[in-house]
Undergrad: 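Quick one: this structure, given as structure tokens, is what I'll be asking you about.
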Amino acid sequence: MAMSDPLGDMLTRIRNGQHASKSVITCPASKLKASVLDVLVQEGFIRGYKVAEQDNKKELQIELKYDQGEPVINDLKRVSKPGRRVYRSVGEMPRFMNGLGVTIVSTPRGVLADHAAREQNVGGEVLCQIF
């Protein structure tokens with residue numbers, strides 16, 4: 001059966017993996033997922049990821065990050081969903097948790113964190129929010 005929200009599935013796997021104290025989780029690969037993971041690595045929410053091929057299918061192996069046994073990610077929300085896309089301009093870009101959290105935005109210049117999108121003066125689709 002086809003998956004209707006692949007990005008939401010990846011975020012749920014990350015959330016569930018951290019609740020279960022896993023060190024590495026896997027999910028099917030895509031360019032959008034890899035771009036979101038690049039932002040998560042830059043912002044320090046995950047250790048890293050790598051693309052592995054298994055049975056002629058590419059898979060992302062995501063290394064989760066913990067601080068003294070506690071997950072680094074406290075809150076992870078999917079904002080724009082397949083049934084309801086959410087777009088914001090630069091002036092309307094939400095600040096998550098008063099700027100302590102990060103909003104990940106898909107812009108014409110690629111997938112960026114909210115502060116990078118403000119610096120480049122671009123808006124776009126609000127993919128998710130993480131704290």
Side-chain angles (χ1 to χ4, degrees):
M1 187 167 164
M3 196 179 316
S4 64
D5 188 13
L7 182 61
D9 176 64
M10 181 187 75
L11 297 176
T12 300
R13 287 178 190 227
I14 291 173
R15 194 179 312 115
N16 291 343
Q18 291 216 309
H19 283 297
S21 299
K22 299 277 186 182
S23 60
V24 177
I25 60 162
T26 60
C27 70
S30 76
K31 290 180 182 178
L32 177 65
K33 290 178 188 178
S35 298
V36 169
L37 290 174
D38 285 334
V39 173
L40 292 178
V41 169
Q42 290 170 2
E43 298 295 324
F45 288 109
I46 61 173
R47 286 194 188 283
Y49 72 96
K50 64 182 177 180
V51 181
E53 192 164 330
Q54 189 145 354
D55 301 328
N56 288 336
K57 293 186 179 181
K58 290 189 176 180
E59 218 174 52
L60 293 169
Q61 295 179 342
I62 305 166
E63 293 180 55
L64 302 178
K65 190 173 182 180
Y66 297 91
D67 182 35
Q68 298 176 356
E70 293 295 315
V72 172
I73 299 172
N74 294 321
D75 193 12
L76 185 59
K77 294 181 188 174
R78 177 82 160 110
V79 177
S80 187
K81 300 176 183 174
R84 182 175 180 265
R85 299 291 183 189
V86 178
Y87 298 93
R88 295 289 180 255
S89 65
V90 178
E92 300 171 338
M93 193 79 61
R95 292 191 188 274
F96 189 54
M97 302 292 260
N98 283 338
L100 294 175
V102 175
T103 301
I104 299 177
V105 185
S106 177
T107 70
R109 296 188 184 160
V111 177
L112 303 170
D114 58 345
H115 56 83
R118 282 190 198 91
E119 286 174 8
Q120 296 186 20
N121 200 27
V122 292
E125 182 181 356
V126 180
L127 298 176
C128 60
Q129 294 177 323
I130 188 166
F131 173 70

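This one's a predicted model, so the numbers in the text were calculated from it and none came from an experiment.
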Undergrad: Could you tell me the separation between the CG atom of Leu60 and the CD1 atom of Ile25, rounded to the nearest 0.5 Å?
TA: 9.5 Å
Undergrad: Nearest 0.5 Å, what's the CG-NZ distance between Leu7 and Lys81?
TA: 12.0 Å
Undergrad: So if you build clusters from Ile, Leu, Val, Met, Phe, Trp, Tyr with side-chain heavy-atom gaps below 4.5 Å, do Val126 and Leu37 land together?
TA: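 No, Val126 does not connect to Leu37 through the hydrophobic network.
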Undergrad: Going only through I, L, V, M, F, W and Y residues with side-chain contacts under 4.5 Å, is there a path from Tyr66 to Val72?
TA: yes
Undergrad: With a 3.5 Å cut-off and sequence neighbours excluded, list the donor-acceptor pairs that the side chains of residues 42-53 form with protein atoms.
TA:
residue, atom, partner, partner atom, Å
Glu43, OE2, His115, NE2, 2.8
Tyr49, OH, Ala34, O, 3.3
Tyr49, OH, Asp38, OD1, 2.7

Undergrad: I need the Leu127 CG to Thr107 OG1 distance, nearest 0.5 Å.
TA: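 Atom-to-atom, Leu127:CG and Thr107:OG1 are 9.5 Å apart.
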Undergrad: Quick one: pull up CD1 in Ile73 and CG in Leu40 and give me the separation to the nearest 0.5 Å.
TA: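 The distance works out to 6.0 Å.
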Undergrad: According to salt bridge (Lys or Arg N to Asp or Glu O under 4.0 Å), does anything in residues 82-99 pair up with another residue at least two apart or in another chain? List the pairs.
TA: Arg85-Glu125
Undergrad: Same hydrophobic cluster for Val105 and Ile130, using side-chain heavy-atom links shorter than 4.5 Å among ILVMFWY?
TA: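 No; Ile130 is not reachable from Val105 via cluster members.
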Undergrad: Which pair of heavy atoms, one from Pro94 and one from Thr103, lies closest together, and at what distance?
TA: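 Taking Pro94 first and Thr103 second, the nearest heavy atoms are O-OG1, 3.6 Å.
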Undergrad: Say whether, by atom type as modelled, one donor and one acceptor occur between the side chain of Arg78 and the main chain of Asp5 under 3.5 angstrom.
TA: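 Here the side-chain-to-backbone pair does not exist.
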Undergrad: Would you please name every residue forming a side-chain contact (heavy atoms from CB on, under 4.5 Å) with Gln120, sequence neighbours left out?
TA: Arg109, Leu112, Val122
Undergrad: Roughly how far apart are Ser23 OG and Gln61 CD, rounded to 0.5 Å?
TA: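 Taking OG in Ser23 and CD in Gln61, the distance rounds to 10.5 Å.
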Undergrad: What pair of heavy atoms forms the shortest contact from Ser4 to Pro82, and how long is it?
TA: O-CG, 3.4 Å
Undergrad: Group every Ile, Leu, Val, Met, Phe, Trp and Tyr by side-chain heavy-atom contacts under 4.5 Å, then state whether Ile14 and Ile104 land in the same group.
TA: yes
Undergrad: Does the Lys33 side chain pair with the main chain of Pro28, one donor and one acceptor, at a distance under 3.5 Å?
TA: yes
Undergrad: Only counting residues at least two apart or in another chain, list the ones meeting side-chain contact (heavy atoms from CB on, under 4.5 Å) with Asp75.
TA: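 Once residues adjacent in sequence are excluded, the partners of Asp75 under the side-chain contact (heavy atoms from CB on, under 4.5 Å) criterion are Lys77, Phe96, Phe131.
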Undergrad: Looking at Leu64 and Gly17, what are the two nearest heavy atoms and their distance?
TA: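 Answer, listing the atom of Leu64 first, then Gly17: CD1-C, 3.6 Å.
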Undergrad: Of all residues at least two apart in sequence or in a different chain, which pass the side-chain contact (heavy atoms from CB on, under 4.5 Å) check with Asn121?
TA: Val90
Undergrad: Would a hydrophobic clustering, with Ile, Leu, Val, Met, Phe, Trp and Tyr connected at side-chain separations under 4.5 Å, put Met10 with Val79?
TA: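 Looking at the clustering, Val79 is in a separate group from Met10.
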Undergrad: Scan for salt bridge (Lys or Arg N to Asp or Glu O under 4.0 Å) pairs involving residues 10-25, sequence neighbours excluded, and state none if there are none.
TA: Asp9-Arg13
